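Source: prediction; values computed, not measured. All values below come from the heavy atoms of this structure, side chains included, with hydrogens, waters and symmetry mates left out. First the proteins, then the strands, lettered A, B, ... as listed; each starts at 1.
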Amino acid sequence: MSITIKLAIDIFNRSKLQTDSDFLISNFAECSDVDKTQINKAALISKLHRYKEKLKGKRGKQKEEFENEVFSIPVATSTSTASKGKLYKDELYSYKETCTSLATEMSEIQKKSVEKLVVIKSEHAVKIKENESKHKQELLSLKKTQSEELQSQTKRLRLETKRVSQKTSKVYNENEKLLEQLKVIKKSKQLICYENILLRRKLERCSIIKETQKQKNLEKTLISEKNKVSNCLREIEVLKQNNSKLLYQLEKEERTVLEQNNKLQLLDQPDPLLNLKVQLQTATEERDYLHSLLLDHEEIILFDPVKKSYTPDTRQCIMNITNFNVSSNNVGPVIKEVLKLANRTPNAVPTRKTVDNIIVEKIAIGQKQLGLTVGAQQDTCLYGDETRNFGKTYQTFLLSDDNKQVYFLGLRDMHDKAASATLDMFANILDDISDICETYRNNDITSHGHSILSNIRNFMSDRAQTNIAFTELLQNYRTEIMPTFLQNWNELTIGEQTSTVKHERIKAFFEIVHGANNKLHKLTLQLVKKQYILACCKVLGLISKLITAPLWRLIESNMHVLDMNTNYLSLLTYLDRMSKDSTDFITGEEFPFPKELVEKDKMLEKLVQANEGIDDKACAFAQLAFSKDCIKSWLKQ
DNA sequence: AGACTTTAAGGGATGTTAAG
DNA sequence: CTTAACATCCCTTAAAGTCT
């Protein structure tokens, strides 16, 4: 037995009046053959609420049909749904044990690592102590050996100095001896002098010859004695020199001793201590690194458990990630993977569906921005383009402002190409934007969609027939909703009345109505004043009207390709003729294809009108364009 | 080249939970 | 009780990839 939605909602409404909380379930159990205990109450209530909400939006036949649909009662599932992102209560019990065991495991691991750290620390301390004692021993041994060496060296030096001093004393002694000898010699000399005097006296007394002989002998001995003295003196000088040399050597030795002492002092500097310090630093760094490893993998809060929603930052992150064409399925894993780089783990990661919902938010935000910023922009330009894909046609609407910033208004698929449909789409998009900005609309008199519409100054379109019609419709639409708006158009019609020629109108439009605002406008205004440009334009327009457009119509008709031959031939002969004299082309009296194919409209009317000064130039241009050489060069391209 | 499978994406229906 | 926020399941389609 099954119950309808109408009955289900009826029971639900009645149950609200009851105080008995069991009323709802027992009633449902009665009406269907489902067991009372099997019913999932929360799901049932949630479902009923949803159906009520749904029913509100339905009227008439639709409502009736919906009410009569079968209502299936949610039944408690024996196996709880295994959720990936969140844990539910019944699961919690099963997970609790594993979690606690995991936690104890983790804490044990942590304890172990802490113990390890302690062990490492104590090891380091022991090592440091060992190194210190080693260093001390080394230092002591070094000092001992060095001091021994020093002592032996000083001993040697002392011995040497002793020797040197002994030598010098010897030299001194010798010197003194020599001096004594010298004294003796001097004394002897004196004695000899006395003797000499005595002898002289004797000589005086004795014979002169004998005396002289004796004197001579004496002189000889004197000279020899003198030589002896001088020799002694020389020896003394040499000894003196030796003495000074030895003194110099002594000085040198003393200096070397000093140097050795300095060296010894330098050797006393404690080098190994520095090494030890470096070792200690690296050890502490290693320890800190290990410690930081223990502290890492901190959780990052992406999902606010209090608000039960992802944080705004996370939402923005998701929006930005989807901007890079990451599929909604992969946004979660991408976030996880990137956080790994920073050694963090997210507390939750959105599923595909949630990401999809956030993408919808993104679009809403974009439209809100459009309403607020574009609505305030003056002088905007509307673009439109058609895209076709898989047999469906889509119409895009773009808007650019003064700063050349382009905004994307929206995209809709078109059921048909009619201009009215395009307008409907556009109005639909503007309505959407207005709806999004609902809260702001209450304060404004005009909606944001309307302000966007009223600020559109230009409409850029390809020359597709639809777009021309669309432009007209758009104008009408604007006049409908904004009667004060059409100032520009009124002025334009004034310009239209005063001139009959099209380029005059363009001139008037830029000079009187619109004003040449940008480079393109200025250029157009300048060119439109040049006669040869106008002549070219006339030729191009006529080519389109008389040759290209009819040719298109022919090609698009159901004619067989082979049957086109005659038409191509007539076109060629026509072009050949016109290259010699193209007056008939300019006046629009002659054309290559059947008359029916030429569309007679305002445009053609204006084009074939005679223009003083322009026609002869146009004639020349046309003949140039249709000449065989020119056509050949076209075909090559 | 065609058959078959996988992946990304859209969308509806509905269960779960906790705050209002 | 209502409702928001998130989740899951299911179905569908287009496009890309793989196999035969």
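- Each of dG15(B), dT14(B), dT17(B) was ranked by its minimum atom distance to the side chain of Ala42(A); first place goes to dT17(B).
- The distance from atom CD1 of Ile45(A) to atom P of dT17(B) is 14 Å, rounded to the nearest whole Å.
- In this model, the phosphate group of dT14(B) is not approached by any side-chain N or O of Asn40(A) to a distance below 4.0 Å at OP1 or OP2.
- Salt bridge present: Lys56(A) and Glu53(A) bring a charged side-chain N and a carboxylate O closer than 4.0 Å.
- For Ile73(A) and dA13(B), the CD1 to P distance is 18 Å, given to the nearest whole Å.
- Rounded to the nearest 0.5 angstrom, Lys116(A) NZ and Ile109(A) CD1 are separated by 10.0 Å.
- Residue Lys47(A) contributes atom NZ, which lies 12 Å from atom P of dT16(B) at whole-angstrom precision.
- The distance between atom CZ of Phe71(A) and atom C1' of dA13(B), rounded to the nearest whole Å, is 12 Å.
- Judged by atom type and distance alone, Arg50(A) does not reach the base of dG12(B) through any side-chain donor-acceptor pair under 3.5 Å.
- The two residues Leu604(A) and Val598(A) come nearest to each other via the heavy atoms CD2-CG1, 3.9 Å.
- If you check every strand for non-hydrogen atoms under 4.0 Å, Lys54(A) touches sugar and phosphate atoms only.
- Straight-line distance from the NE2 atom of His49(A) to the C1' atom of dT16(B): 14 Å, rounded to whole Å.
- Rounded to an integer number of Å, the gap from Lys52(A) NZ to dC1(C) C1' is 10 Å.
- Aromatic pair Tyr51(A)/Phe71(A): centroids less than 6.0 angstrom apart.
- Rounded to whole Å, the distance from NZ on Lys41(A) to C1' on dT14(B) is 18 Å.
- In this model, the phosphate group of dT14(B) is approached by a side-chain N or O of Tyr51(A) to a distance below 4.0 Å at OP1 or OP2.
- dG12(B) atom P lies 16 Å from atom CD of Glu53(A), rounded to whole Å.
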